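Notes follow once the structure below has been shown.
Everything numeric in this text was worked out from a predicted model, so none of it was measured.
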Amino acid sequence: MMLEKEYRILVVDDAKDTQMLLEFDLSAAGYQVTCCDCGEDALESMETQEVDLILLDMYMPGLSGLETLARIKAQAISAEIPVIMLSASTDEDEVVAALELGAGDYVAKPYVAKVLLARMRTAIRLKEKTAQLEYLAKTDFLTGINNRGSFFELSNNAISLAKRAGQSLVVAMFDIDFFKQVNDNYGHDAGDQVLLAFSQGMIEVFRGYDIIGRVGGEEFAVCLPNTSRENANLACERFRNFIEQLSVRIISDNNVETEIHITVSIGLVLAQNDSLTIDELLKLADSALYYAKEHGRNQVVDAIILATTDESDNIVVSLMNTDEIDNNNLLQDSVIMTNFDGIDFDVGVSNVLGDEDLFKEILVMFYQDHHLDGDKLQSAIQEQDIDSVKHIAHTLKGVACSVGAMDLFEVTKALDIAVNDDKQEDFTRLFSQLSPEINRVMQGIKLQLDVS
Ligand SMILES: [Mg+2]
(Lines give C-alpha, C1' and ligand atoms only; values in the text may rest on other atoms or scores of the structure.)
Protein backbone atom coordinates (compact mmCIF):
# COMPACT_ATOMS: atom_id res chain seq x y z
CA MET A 1 0.00 0.00 0.00
CA MET A 2 1.44 3.34 -1.09
CA LEU A 3 1.63 6.16 1.42
CA GLU A 4 0.07 9.48 0.49
CA LYS A 5 3.16 11.37 1.54
CA GLU A 6 6.52 10.65 3.07
CA TYR A 7 5.81 10.48 6.78
CA ARG A 8 8.64 10.93 9.23
CA ILE A 9 8.86 8.40 12.04
CA LEU A 10 10.93 8.92 15.15
CA VAL A 11 12.16 5.66 16.69
CA VAL A 12 13.23 5.93 20.33
CA ASP A 13 14.90 2.75 21.57
CA ASP A 14 18.10 2.03 23.48
CA ALA A 15 18.64 -1.30 21.66
CA LYS A 16 20.64 -0.85 18.47
CA ASP A 17 19.34 -4.07 16.93
CA THR A 18 15.71 -2.95 17.38
CA GLN A 19 16.59 0.39 15.79
CA MET A 20 18.13 -1.34 12.78
CA LEU A 21 15.20 -3.70 12.33
CA LEU A 22 12.67 -0.91 12.55
CA GLU A 23 14.64 1.28 10.18
CA PHE A 24 14.72 -1.55 7.66
CA ASP A 25 11.01 -2.43 7.87
CA LEU A 26 9.75 1.13 7.99
CA SER A 27 11.95 2.39 5.17
CA ALA A 28 10.80 -0.53 3.03
CA ALA A 29 7.21 0.62 3.67
CA GLY A 30 8.03 4.13 2.49
CA TYR A 31 8.62 5.94 5.77
CA GLN A 32 11.45 8.27 6.63
CA VAL A 33 13.06 7.09 9.82
CA THR A 34 15.07 8.91 12.47
CA CYS A 35 16.47 6.97 15.45
CA CYS A 36 17.30 8.14 18.96
CA ASP A 37 18.92 6.08 21.73
CA CYS A 38 17.20 7.73 24.67
CA GLY A 39 14.26 9.92 25.67
CA GLU A 40 16.43 13.00 26.24
CA ASP A 41 17.71 12.93 22.65
CA ALA A 42 14.21 12.33 21.33
CA LEU A 43 12.80 15.38 23.10
CA GLU A 44 15.65 17.48 21.81
CA SER A 45 15.33 16.30 18.21
CA MET A 46 11.62 17.18 18.18
CA GLU A 47 12.50 20.82 18.68
CA THR A 48 14.21 20.97 15.33
CA GLN A 49 12.40 18.51 13.10
CA GLU A 50 8.81 17.69 12.35
CA VAL A 51 7.64 14.21 13.22
CA ASP A 52 4.45 12.46 12.15
CA LEU A 53 4.60 9.53 14.56
CA ILE A 54 6.77 8.29 17.42
CA LEU A 55 7.64 4.67 18.22
CA LEU A 56 8.68 4.68 21.86
CA ASP A 57 10.42 1.91 23.77
CA MET A 58 9.09 1.35 27.27
CA TYR A 59 12.41 0.36 28.93
CA MET A 60 15.35 2.68 28.50
CA PRO A 61 18.15 3.93 30.75
CA GLY A 62 17.73 7.54 31.79
CA LEU A 63 14.20 8.75 31.07
CA SER A 64 11.91 5.76 30.93
CA GLY A 65 9.42 5.30 28.12
CA LEU A 66 6.56 6.53 30.31
CA GLU A 67 8.52 9.55 31.52
CA THR A 68 9.45 10.44 27.95
CA LEU A 69 5.82 10.00 26.90
CA ALA A 70 4.65 12.33 29.67
CA ARG A 71 7.07 15.02 28.47
CA ILE A 72 6.11 14.59 24.83
CA LYS A 73 2.46 15.13 25.73
CA ALA A 74 3.26 18.04 28.03
CA GLN A 75 4.91 20.28 25.45
CA ALA A 76 2.80 22.00 22.81
CA ILE A 77 5.27 21.30 20.01
CA SER A 78 4.83 17.52 20.31
CA ALA A 79 1.57 17.01 22.21
CA GLU A 80 -0.43 16.20 19.08
CA ILE A 81 2.03 13.67 17.62
CA PRO A 82 0.71 10.10 17.86
CA VAL A 83 2.87 7.76 19.95
CA ILE A 84 2.95 3.96 19.77
CA MET A 85 4.64 2.26 22.72
CA LEU A 86 6.88 -0.74 22.14
CA SER A 87 7.68 -3.19 24.92
CA ALA A 88 8.72 -6.77 25.53
CA SER A 89 6.66 -6.78 28.70
CA THR A 90 2.95 -7.38 28.56
CA ASP A 91 2.33 -5.90 32.01
CA GLU A 92 -1.24 -4.69 31.74
CA ASP A 93 -0.80 -1.93 34.32
CA GLU A 94 1.96 -0.46 32.20
CA VAL A 95 -0.13 -0.60 29.07
CA VAL A 96 -2.95 1.18 30.87
CA ALA A 97 -0.55 3.78 32.24
CA ALA A 98 0.80 4.47 28.77
CA LEU A 99 -2.66 4.84 27.27
CA GLU A 100 -3.69 7.14 30.10
CA LEU A 101 -0.65 9.30 29.48
CA GLY A 102 -1.80 9.75 25.90
CA ALA A 103 -0.13 6.97 23.93
CA GLY A 104 -2.23 6.08 20.89
CA ASP A 105 -1.43 2.40 20.85
CA TYR A 106 0.77 -0.36 22.21
CA VAL A 107 2.70 -3.03 20.28
CA ALA A 108 4.55 -5.96 21.83
CA LYS A 109 8.15 -6.77 21.04
CA PRO A 110 9.29 -8.66 19.11
CA TYR A 111 6.91 -6.96 16.75
CA VAL A 112 5.26 -8.40 13.65
CA ALA A 113 6.02 -5.94 10.87
CA LYS A 114 2.64 -6.26 9.19
CA VAL A 115 0.81 -5.58 12.46
CA LEU A 116 3.02 -2.66 13.44
CA LEU A 117 2.67 -1.05 10.01
CA ALA A 118 -1.11 -1.42 10.09
CA ARG A 119 -1.27 0.22 13.52
CA MET A 120 1.01 3.04 12.41
CA ARG A 121 -1.21 3.74 9.40
CA THR A 122 -4.27 3.83 11.64
CA ALA A 123 -2.62 6.17 14.15
CA ILE A 124 -1.57 8.58 11.41
CA ARG A 125 -4.97 8.49 9.72
CA LEU A 126 -6.69 9.16 13.01
CA LYS A 127 -4.45 12.11 13.67
CA GLU A 128 -5.15 13.54 10.20
CA LYS A 129 -8.89 13.01 10.58
CA THR A 130 -8.88 14.81 13.91
CA ALA A 131 -6.96 17.71 12.44
CA GLN A 132 -9.39 17.82 9.53
CA LEU A 133 -12.39 17.83 11.86
CA GLU A 134 -10.83 20.62 13.89
CA TYR A 135 -10.24 22.55 10.70
CA LEU A 136 -13.84 22.05 9.57
CA ALA A 137 -15.17 23.08 12.96
CA LYS A 138 -13.32 26.39 12.70
CA THR A 139 -13.72 27.15 9.03
CA ASP A 140 -16.49 28.70 7.01
CA PHE A 141 -17.43 25.99 4.53
CA LEU A 142 -17.88 28.35 1.58
CA THR A 143 -14.98 30.77 1.87
CA GLY A 144 -12.41 28.74 3.81
CA ILE A 145 -11.77 31.62 6.23
CA ASN A 146 -12.55 31.54 9.98
CA ASN A 147 -16.17 30.97 10.82
CA ARG A 148 -17.91 33.05 13.46
CA GLY A 149 -16.91 30.85 16.40
CA SER A 150 -13.29 30.68 15.40
CA PHE A 151 -13.16 34.42 14.66
CA PHE A 152 -14.48 35.17 18.14
CA GLU A 153 -12.05 32.80 19.81
CA LEU A 154 -8.98 34.05 17.95
CA SER A 155 -9.98 37.68 18.38
CA ASN A 156 -10.51 37.36 22.11
CA ASN A 157 -7.02 35.84 22.36
CA ALA A 158 -5.63 38.75 20.36
CA ILE A 159 -7.42 41.24 22.63
CA SER A 160 -5.90 39.65 25.74
CA LEU A 161 -2.47 39.76 24.14
CA ALA A 162 -2.91 43.40 23.14
CA LYS A 163 -3.87 44.29 26.71
CA ARG A 164 -0.81 42.61 28.12
CA ALA A 165 1.52 44.15 25.55
CA GLY A 166 -0.15 47.56 25.79
CA GLN A 167 -0.76 47.60 22.05
CA SER A 168 -3.71 49.12 20.25
CA LEU A 169 -6.12 46.91 18.36
CA VAL A 170 -8.89 47.66 15.90
CA VAL A 171 -11.95 45.64 14.93
CA ALA A 172 -13.80 46.29 11.68
CA MET A 173 -17.03 44.95 10.29
CA PHE A 174 -17.88 44.64 6.60
CA ASP A 175 -21.19 44.28 4.87
CA ILE A 176 -21.55 43.83 1.12
CA ASP A 177 -23.86 46.53 -0.21
CA PHE A 178 -27.10 45.37 -1.83
CA PHE A 179 -26.01 41.75 -1.60
CA LYS A 180 -29.62 40.58 -1.69
CA GLN A 181 -29.88 41.95 -5.21
CA VAL A 182 -27.05 39.67 -6.36
CA ASN A 183 -28.95 36.63 -5.09
CA ASP A 184 -32.25 37.90 -6.49
CA ASN A 185 -30.89 38.81 -9.93
CA TYR A 186 -28.36 36.05 -10.57
CA GLY A 187 -29.18 33.24 -8.14
CA HIS A 188 -27.55 31.89 -5.01
CA ASP A 189 -24.61 30.28 -6.79
CA ALA A 190 -23.66 33.71 -8.07
CA GLY A 191 -24.08 35.04 -4.55
CA ASP A 192 -21.68 32.38 -3.30
CA GLN A 193 -19.15 33.33 -5.97
CA VAL A 194 -19.34 36.93 -4.79
CA LEU A 195 -18.82 35.90 -1.16
CA LEU A 196 -15.84 33.83 -2.21
CA ALA A 197 -14.28 36.66 -4.23
CA PHE A 198 -14.91 39.02 -1.33
CA SER A 199 -13.16 36.75 1.18
CA GLN A 200 -10.24 36.25 -1.23
CA GLY A 201 -9.95 40.03 -1.34
CA MET A 202 -9.74 40.12 2.45
CA ILE A 203 -6.96 37.55 2.43
CA GLU A 204 -5.12 39.59 -0.21
CA VAL A 205 -5.48 43.04 1.34
CA PHE A 206 -5.06 42.33 5.04
CA ARG A 207 -1.88 41.10 6.68
CA GLY A 208 -1.09 37.49 7.46
CA TYR A 209 -1.54 38.00 11.22
CA ASP A 210 -4.82 39.92 10.92
CA ILE A 211 -7.74 37.72 11.91
CA ILE A 212 -10.41 37.60 9.26
CA GLY A 213 -13.73 35.81 9.50
CA ARG A 214 -17.20 35.42 8.07
CA VAL A 215 -19.51 36.34 10.93
CA GLY A 216 -22.85 36.26 9.13
CA GLY A 217 -24.41 35.74 5.71
CA GLU A 218 -22.81 38.65 3.87
CA GLU A 219 -21.09 40.00 6.96
CA PHE A 220 -17.38 39.73 7.47
CA ALA A 221 -15.05 41.01 10.15
CA VAL A 222 -11.38 41.61 10.71
CA CYS A 223 -9.41 42.01 13.92
CA LEU A 224 -6.23 44.03 13.43
CA PRO A 225 -3.72 43.46 16.25
CA ASN A 226 -1.03 46.05 16.96
CA THR A 227 -2.64 48.61 14.66
CA SER A 228 -3.30 52.31 15.17
CA ARG A 229 -6.64 53.88 14.37
CA GLU A 230 -5.05 55.76 11.45
CA ASN A 231 -3.52 52.66 9.90
CA ALA A 232 -6.71 50.69 10.38
CA ASN A 233 -8.67 53.40 8.60
CA LEU A 234 -6.10 53.30 5.81
CA ALA A 235 -6.25 49.52 5.50
CA CYS A 236 -10.04 49.53 5.45
CA GLU A 237 -10.13 52.29 2.88
CA ARG A 238 -7.66 50.32 0.76
CA PHE A 239 -9.92 47.30 1.02
CA ARG A 240 -13.05 49.33 0.23
CA ASN A 241 -11.30 50.59 -2.89
CA PHE A 242 -10.08 47.09 -3.80
CA ILE A 243 -13.65 45.77 -3.67
CA GLU A 244 -14.96 48.72 -5.68
CA GLN A 245 -12.41 47.98 -8.44
CA LEU A 246 -12.99 44.25 -8.34
CA SER A 247 -14.97 42.66 -11.10
CA VAL A 248 -16.47 39.34 -10.09
CA ARG A 249 -17.04 36.84 -12.87
CA ILE A 250 -20.17 34.88 -12.13
CA ILE A 251 -22.22 32.24 -13.86
CA SER A 252 -25.86 33.10 -13.35
CA ASP A 253 -28.68 30.56 -13.00
CA ASN A 254 -29.41 30.62 -16.76
CA ASN A 255 -25.75 29.76 -17.41
CA VAL A 256 -24.73 33.16 -18.67
CA GLU A 257 -21.32 34.45 -17.67
CA THR A 258 -21.49 37.98 -16.34
CA GLU A 259 -19.13 40.37 -14.64
CA ILE A 260 -20.59 42.21 -11.71
CA HIS A 261 -19.31 44.89 -9.40
CA ILE A 262 -19.97 45.25 -5.72
CA THR A 263 -19.18 47.74 -3.00
CA VAL A 264 -18.73 47.35 0.72
CA SER A 265 -19.68 49.39 3.77
CA ILE A 266 -17.25 49.25 6.67
CA GLY A 267 -17.49 50.21 10.33
CA LEU A 268 -14.48 50.09 12.59
CA VAL A 269 -13.64 50.70 16.21
CA LEU A 270 -10.45 51.14 18.21
CA ALA A 271 -10.38 49.00 21.36
CA GLN A 272 -9.84 51.66 24.00
CA ASN A 273 -11.47 50.29 27.08
CA ASP A 274 -9.47 47.45 28.60
CA SER A 275 -12.51 45.43 29.50
CA LEU A 276 -14.02 45.28 26.02
CA THR A 277 -14.61 41.84 24.52
CA ILE A 278 -14.90 40.98 20.86
CA ASP A 279 -18.72 40.91 21.17
CA GLU A 280 -18.76 44.46 22.50
CA LEU A 281 -16.26 45.70 19.95
CA LEU A 282 -18.23 44.14 17.10
CA LYS A 283 -21.37 45.86 18.37
CA LEU A 284 -19.60 49.22 18.28
CA ALA A 285 -18.16 48.49 14.83
CA ASP A 286 -21.62 47.43 13.75
CA SER A 287 -23.09 50.78 14.84
CA ALA A 288 -20.49 52.54 12.70
CA LEU A 289 -21.31 50.14 9.86
CA TYR A 290 -25.00 50.94 10.24
CA TYR A 291 -24.11 54.60 10.04
CA ALA A 292 -22.17 53.96 6.81
CA LYS A 293 -25.18 52.14 5.38
CA GLU A 294 -27.50 54.99 6.32
CA HIS A 295 -25.24 57.59 4.77
CA GLY A 296 -24.77 56.24 1.26
CA ARG A 297 -22.87 52.93 1.67
CA ASN A 298 -19.50 52.21 -0.01
CA GLN A 299 -17.59 53.99 2.74
CA VAL A 300 -15.53 53.52 5.86
CA VAL A 301 -16.88 54.93 9.11
CA ASP A 302 -14.90 55.08 12.33
CA ALA A 303 -17.04 54.54 15.45
CA ILE A 304 -15.41 57.63 16.95
CA ILE A 305 -17.87 59.76 14.97
CA LEU A 306 -20.80 58.20 16.77
CA ALA A 307 -19.52 59.59 20.04
CA THR A 308 -19.09 63.04 18.53
CA THR A 309 -22.38 63.04 16.64
CA ASP A 310 -24.19 62.33 19.89
CA GLU A 311 -22.82 65.57 21.23
CA SER A 312 -23.58 67.81 18.32
CA ASP A 313 -26.03 66.09 16.04
CA ASN A 314 -24.68 66.23 12.52
CA ILE A 315 -21.96 68.78 12.84
CA VAL A 316 -18.80 66.72 12.63
CA VAL A 317 -20.14 63.75 10.77
CA SER A 318 -18.99 64.66 7.31
CA LEU A 319 -15.44 65.12 8.55
CA MET A 320 -14.95 61.46 9.15
CA ASN A 321 -16.13 60.12 5.86
CA THR A 322 -12.92 58.83 4.37
CA ASP A 323 -14.24 59.35 0.85
CA GLU A 324 -13.48 62.99 1.30
CA ILE A 325 -9.94 62.53 2.44
CA ASP A 326 -7.02 62.40 0.07
CA ASN A 327 -5.26 59.14 0.78
CA ASN A 328 -1.88 60.47 -0.23
CA ASN A 329 -1.97 62.85 2.66
CA LEU A 330 -2.71 60.06 5.06
CA LEU A 331 0.48 58.27 4.17
CA GLN A 332 2.67 61.16 5.16
CA ASP A 333 3.68 61.29 8.78
CA SER A 334 2.80 64.55 10.38
CA VAL A 335 6.21 66.15 10.43
CA ILE A 336 5.16 69.73 10.94
CA MET A 337 3.81 70.43 14.39
CA THR A 338 1.65 73.45 14.65
CA ASN A 339 0.76 75.12 17.91
CA PHE A 340 -2.73 76.41 18.33
CA ASP A 341 -3.42 77.87 21.73
CA GLY A 342 -6.12 75.87 23.49
CA ILE A 343 -6.23 73.14 20.86
CA ASP A 344 -4.73 69.70 21.09
CA PHE A 345 -3.51 69.52 17.51
CA ASP A 346 -2.88 65.77 17.64
CA VAL A 347 -6.40 65.04 18.79
CA GLY A 348 -7.88 67.22 16.06
CA VAL A 349 -5.69 65.75 13.35
CA SER A 350 -6.39 62.20 14.42
CA ASN A 351 -10.12 62.97 14.25
CA VAL A 352 -9.64 63.49 10.51
CA LEU A 353 -7.42 60.45 10.09
CA GLY A 354 -4.15 62.32 10.13
CA ASP A 355 -4.86 64.80 7.36
CA GLU A 356 -3.34 68.07 8.59
CA ASP A 357 -4.46 70.17 5.68
CA LEU A 358 -8.03 69.04 6.08
CA PHE A 359 -7.87 69.75 9.78
CA LYS A 360 -6.66 73.30 9.13
CA GLU A 361 -9.57 73.86 6.75
CA ILE A 362 -11.89 72.63 9.47
CA LEU A 363 -10.33 75.02 11.97
CA VAL A 364 -11.01 77.90 9.58
CA MET A 365 -14.63 76.79 9.26
CA PHE A 366 -14.85 76.41 13.02
CA TYR A 367 -13.59 79.96 13.45
CA GLN A 368 -15.98 81.37 10.88
CA ASP A 369 -19.01 79.64 12.39
CA HIS A 370 -18.26 80.11 16.06
CA HIS A 371 -15.94 83.05 16.75
CA LEU A 372 -18.95 85.16 17.77
CA ASP A 373 -20.42 82.47 20.03
CA GLY A 374 -19.02 84.18 23.13
CA ASP A 375 -20.89 87.41 22.37
CA LYS A 376 -24.04 85.52 21.37
CA LEU A 377 -23.97 83.53 24.61
CA GLN A 378 -23.49 86.63 26.70
CA SER A 379 -26.53 88.38 25.26
CA ALA A 380 -28.63 85.20 25.38
CA ILE A 381 -27.80 84.82 29.08
CA GLN A 382 -28.57 88.51 29.77
CA GLU A 383 -31.88 88.24 27.94
CA GLN A 384 -32.64 84.92 29.65
CA ASP A 385 -33.14 83.38 26.21
CA ILE A 386 -32.68 79.84 27.44
CA ASP A 387 -33.33 78.22 24.06
CA SER A 388 -30.47 80.16 22.50
CA VAL A 389 -28.14 79.45 25.40
CA LYS A 390 -28.96 75.80 25.07
CA HIS A 391 -28.49 75.71 21.32
CA ILE A 392 -25.16 77.57 21.32
CA ALA A 393 -23.69 75.62 24.24
CA HIS A 394 -24.77 72.28 22.85
CA THR A 395 -23.41 72.96 19.39
CA LEU A 396 -20.16 74.48 20.61
CA LYS A 397 -19.55 71.53 22.93
CA GLY A 398 -19.71 69.03 20.08
CA VAL A 399 -17.54 71.04 17.72
CA ALA A 400 -14.96 71.91 20.38
CA CYS A 401 -14.45 68.22 21.04
CA SER A 402 -14.03 67.35 17.38
CA VAL A 403 -11.40 70.05 16.78
CA GLY A 404 -9.46 69.04 19.88
CA ALA A 405 -10.25 72.19 21.91
CA MET A 406 -10.49 70.11 25.05
CA ASP A 407 -10.52 72.88 27.70
CA LEU A 408 -13.21 74.71 25.78
CA PHE A 409 -15.09 71.43 25.51
CA GLU A 410 -14.98 70.98 29.30
CA VAL A 411 -16.31 74.44 30.19
CA THR A 412 -18.96 74.30 27.46
CA LYS A 413 -20.01 70.88 28.67
CA ALA A 414 -20.50 72.28 32.19
CA LEU A 415 -22.73 75.02 30.78
CA ASP A 416 -24.62 72.50 28.66
CA ILE A 417 -25.31 70.42 31.78
CA ALA A 418 -26.40 73.51 33.75
CA VAL A 419 -28.84 74.38 30.95
CA ASN A 420 -30.26 70.88 30.93
CA ASP A 421 -30.62 70.92 34.72
CA ASP A 422 -32.13 74.42 34.47
CA LYS A 423 -29.57 75.87 36.89
CA GLN A 424 -29.78 79.45 35.65
CA GLU A 425 -28.00 80.73 38.74
CA ASP A 426 -24.81 79.04 37.43
CA PHE A 427 -24.92 80.55 33.94
CA THR A 428 -22.97 83.74 34.66
CA ARG A 429 -20.25 81.94 36.61
CA LEU A 430 -19.83 79.30 33.90
CA PHE A 431 -19.84 81.92 31.18
CA SER A 432 -17.00 83.75 32.94
CA GLN A 433 -14.95 80.54 32.55
CA LEU A 434 -16.08 79.90 29.01
CA SER A 435 -15.53 83.36 27.63
CA PRO A 436 -11.71 83.59 28.05
CA GLU A 437 -11.36 80.01 26.79
CA ILE A 438 -13.27 80.67 23.58
CA ASN A 439 -11.25 83.85 23.02
CA ARG A 440 -8.02 81.95 23.54
CA VAL A 441 -8.96 79.27 20.99
CA MET A 442 -10.23 81.74 18.41
CA GLN A 443 -7.17 83.98 18.77
CA GLY A 444 -4.95 80.92 18.38
CA ILE A 445 -6.60 79.98 15.10
CA LYS A 446 -6.56 83.56 13.87
CA LEU A 447 -2.83 83.82 14.52
CA GLN A 448 -1.97 80.68 12.57
CA LEU A 449 -4.46 80.57 9.75
CA ASP A 450 -5.96 82.91 7.21
CA VAL A 451 -9.43 83.36 8.62
CA SER A 452 -10.43 86.62 7.00
MG1 LIG B 1 14.74 -0.97 25.82
Side-chain angles (χ1 to χ4, degrees), residues 1-92 94-139 141 144:
M1 190 175 150
M2 283 292 292
L3 296 168
E4 283 170 28
K5 66 170 220 189
E6 216 169 50
Y7 293 103
R8 185 179 291 273
I9 312 299
L10 180 65
V11 170
V12 192
D13 200 306
D14 59 309
K16 283 283 179 203
D17 55 344
T18 310
Q19 281 187 19
M20 284 167 68
L21 270 175
L22 282 167
E23 188 156 18
F24 178 82
D25 287 331
L26 301 186
S27 303
Y31 292 103
Q32 274 195 42
V33 185
T34 309
C35 293
C36 288
D37 299 331
C38 62
E40 290 85 344
D41 285 357
L43 290 165
E44 200 181 310
S45 82
M46 269 178 275
E47 287 170 13
T48 52
Q49 63 169 321
E50 273 189 47
V51 173
D52 296 300
L53 181 135
I54 300 163
L55 293 179
L56 182 56
D57 181 27
M58 191 73 94
Y59 297 100
M60 296 182 292
L63 282 180
S64 74
L66 287 180
E67 285 166 340
T68 308
L69 175 63
R71 294 197 190 188
I72 289 170
K73 292 297 166 188
Q75 55 190 27
I77 195 172
S78 54
E80 304 298 324
I81 305 171
V83 179
I84 297 178
M85 302 301 290
L86 292 174
S87 171
S89 150
T90 50
D91 184 338
E92 281 176 6
E94 247 174 24
V95 176
V96 171
L99 295 176
E100 279 180 351
L101 279 171
D105 207 345
Y106 183 94
V107 172
K109 281 201 286 192
Y111 65 89
V112 179
K114 219 170 116 181
V115 172
L116 178 65
L117 289 170
R119 295 194 164 210
M120 286 173 60
R121 275 200 301 275
T122 305
I124 289 172
R125 254 206 341 253
L126 196 64
K127 155 84 197 303
E128 288 178 339
K129 251 306 176 254
T130 310
Q132 202 184 348
L133 284 172
E134 272 171 16
Y135 172 82
L136 289 175
K138 291 175 177 178
T139 309
F141 68 97

With rounding to the nearest 0.5 angstrom, report the [atom1] to [atom2] distance, [X] to [Y].
X	Y	atom1	atom2	answer
T122	K127	OG1	NZ	15.0 Å
R119	Y106	CZ	OH	11.0 Å
L99	D105	CG	CG	7.5 Å
C35	Q19	SG	CD	4.5 Å
E50	I77	CD	CD1	8.5 Å
K73	S78	NZ	OG	7.5 Å

Do [X] and [Y] come within less than 4.5 Å of each other through their side chains, counting heavy atoms only?
X	Y	value
V112	V107	no
Y31	L117	yes
M120	Y7	no
C38	D14	no
T68	E40	no

Considering residues, nucleotides and ligands other than [X], do more than 12 of their heavy atoms fall under 6.0 Å from its [atom1]?
X	atom1	result
Q32	CD	yes
E44	CD	no
Q49	CD	yes

Atom of [X], atom of [Y] and distance for their closest heavy-atom approach:
X	Y	value
A97	L66	CB-CD1, 4.1 Å
L101	A70	CD2-CB, 4.1 Å
E67	G62	OE1-O, 4.0 Å
G30	E6	O-CG, 3.7 Å
A98	M85	CB-CG, 3.7 Å

Salt bridge check, K109 against D57: does any charged N sit closer than 4.0 Å to a carboxylate O? yes
Should the pair D52-R8 be classified as a salt bridge under the 4.0 Å nitrogen-to-oxygen rule? no
When you look at L86 and V11, which way does the side chain to side chain contact (heavy atoms under 4.5 Å, CB included) test go after all the steps? CA-CA 10 Å; L86 292 174; V11 170; 5.8 Å; no
Is there a side chain to side chain contact (heavy atoms under 4.5 Å, CB included) between L22 and V33? Walk through the geometry before answering. CA-CA 8 Å; L22 282 167; V33 185; 5.8 Å; no
Quick one: do L56 and I72 satisfy side chain to side chain contact (heavy atoms under 4.5 Å, CB included)? Show the steps, please. CA-CA 11 Å; L56 182 56; I72 289 170; 4.3 Å; yes
With distance as the sole criterion, is a donor-acceptor pair present between the side chains of E94 and Y59 under 3.5 Å? yes
D25-Y111 side chain donor-acceptor pair, cut-off 3.5 Å: yes
Under a 3.5 Å distance rule, please check whether S27 uses its side chain to pair with a backbone N or O of F24 as donor and acceptor. no
Do the side chain of S64 and the main chain of M60 share a donor and acceptor less than 3.5 angstrom apart? no
Residue from T34, V83, L53 passing side chain to side chain contact (heavy atoms under 4.5 Å, CB included) with L10: T34
What do the steps show when you test L116 against L55 for side chain to side chain contact (heavy atoms under 4.5 Å, CB included), and what is the final call? CA-CA 10 Å; L116 178 65; L55 293 179; 4.1 Å; yes
